[in-house]
Amino acid sequence: MKPELFRPGFRLTPGDTIFIALVGIGSAAMWPYDAKLAGLLVLPCVQFFLYCNVFRIRRAPELIWAAAYLAVAGWAYAVDAPLWIPTTSLLILGGILIAVEMTHRSYHGVFWQRINPALPEWYAAQHSDL
């Protein structure tokens, strides 16, 4: 198995760029037909871009947010709630999860040098077998 490289901070791959473009085009095309569904579909893409590329959080908080998204978005669509209700509640949850994650010793997203200056030592200790 190829050893993992230490590359903390923001990242953007060509695949990410293509996916973002496709989501934007698809959401824009869907908007005239069903604005709520278009908004509910773009929300997890934005959130996971923040989780995976900007703040680089661990899997468990991602899954917590995903479960909450399914519950809140399903409820909002079923009862025809205004789009701002699920959007606001899920963005608040996402902010809380990101804030908690930034306190973890493995935090390696944006501003990691200021938030977690001991990250290189932690990473080296965790990957000493590589």
Side-chain angles (χ1 to χ4, degrees):
M1 188 166 135
K2 188 176 178 181
E4 294 181 43
L5 296 175
F6 181 68
R7 293 185 181 165
F10 177 80
R11 70 173 178 192
L12 185 65
T13 66
D16 294 333
T17 305
I18 292 168
F19 182 74
I20 290 167
L22 291 174
V23 167
I25 291 167
S27 180
M30 184 185 295
W31 194 268
Y33 303 102
D34 193 339
K36 185 176 293 176
L37 186 58
L40 290 173
L41 290 177
V42 79
L43 183 60
C45 297
V46 169
Q47 194 73 33
F48 283 105
F49 176 76
L50 291 174
Y51 282 172
C52 298
N53 297 74
V54 179
F55 296 101
R56 317 259 316 256
I57 71 171
R58 294 174 296 147
R59 188 65 39 127
E62 286 183 13
L63 294 175
I64 290 168
W65 190 90
Y69 170 79
L70 290 173
V72 171
W75 167 83
Y77 199 75
V79 302
D80 200 29
L83 187 57
W84 68 266
I85 294 173
T87 302
T88 302
S89 61
L90 291 165
L91 287 176
I92 289 170
L93 175 61
I96 291 168
L97 292 171
I98 289 169
V100 169
E101 193 64 19
M102 291 173 105
T103 66
H104 197 270
R105 62 186 171 176
S106 67
Y107 177 72
H108 61 285
V110 296
F111 307 122
W112 69 269
Q113 295 96 329
R114 287 185 178 214
I115 296 168
N116 191 8
L119 178 64
E121 293 81 17
W122 178 88
Y123 185 87
Q126 296 299 311
H127 295 88
S128 62
D129 59 330
L130 298 177

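Keep in mind the model is a prediction, meaning the values are calculated, not measured.
- Residues L90 and I96 do not share a hydrophobic cluster, clusters being chains of Ile/Leu/Val/Met/Phe/Trp/Tyr side chains in contact below 4.5 Å.
- Rounding to the nearest 0.5 angstrom, the gap separating the CD atom in E121 from the CG atom in N116 is 9.5 Å.
- Considering only heavy atoms from C-beta on, W75 comes within 4.5 Å of I85 through its side chain.
- With R56 contributing its side chain and G9 its backbone, the two residues share a donor-acceptor pair below 3.5 Å.
- L12 and F6 fall within a single hydrophobic cluster, where Ile, Leu, Val, Met, Phe, Trp and Tyr are joined by side-chain heavy atoms under 4.5 Å apart, directly or via other members.
- Note that CE of M102 and OH of Y107 are 3.5 Å apart. Values are rounded to the nearest 0.5 Å.
- Under the 4.5 Å side-chain heavy-atom criterion for Ile, Leu, Val, Met, Phe, Trp and Tyr, F55 and L91 are members of the same hydrophobic cluster.
- Remark: the backbone N or O of W31 is not paired with any side-chain donor or acceptor of K36 at under 3.5 angstrom.
- Across all their heavy atoms, P86 and S89 have their closest contact at O-OG, 3.1 Å.
- Here the shortest heavy-atom pairing between A35 and L83 reads O-CD2, 4.3 Å.
- Within the 4.5 Å cutoff, the side chain of T13 has no heavy atoms near those of the T17 side chain.
- A donor-acceptor pair under 3.5 Å is formed between the side chain of H108 and the backbone N or O of S106.
- Of all heavy-atom pairs between L41 and P44, the closest is O-CD, 3.3 Å.
- Residues P8 and L119 form a side-chain contact, since some pair of their non-hydrogen atoms from C-beta on lies under 4.5 Å apart.
- Linking ILVMFWY side-chain heavy atoms closer than 4.5 Å, directly or via other members, places L40 and L70 in a single hydrophobic cluster.
- Cluster membership for V110 and V100, using ILVMFWY side-chain heavy atoms within less than 4.5 angstrom, is not shared.
- Here Q47 contributes atom CD and L97 contributes atom CG; the two are 8.0 Å apart, rounded to the nearest 0.5 Å.
- Side-chain atoms of F19 and C45, non-hydrogen and from C-beta on, do get closer than 4.5 Å to each other.
- Note that the CD1 atom of I98 and the OG1 atom of T103 stand 12.5 Å from one another [nearest 0.5 Å].
- The pair D16-R11 does not meet the salt-bridge criterion, since no charged nitrogen lies less than 4.0 angstrom from a carboxylate oxygen.
- Contact check for E62 versus C52: side-chain heavy atoms found under the 4.5 Å cut-off.
- In this structure, L37 CG and S27 OG are separated by 9.0 Å, a value rounded to the nearest 0.5 Å.
- Relative orientation of the F48 and Y51 rings is perpendicular, given thresholds of 30° and 60° on the angle between their planes.
- Enclosure of atom CZ in F10 by more than 12 non-hydrogen atoms of other residues, nucleotides or ligands within 6.0 angstrom is indicated.
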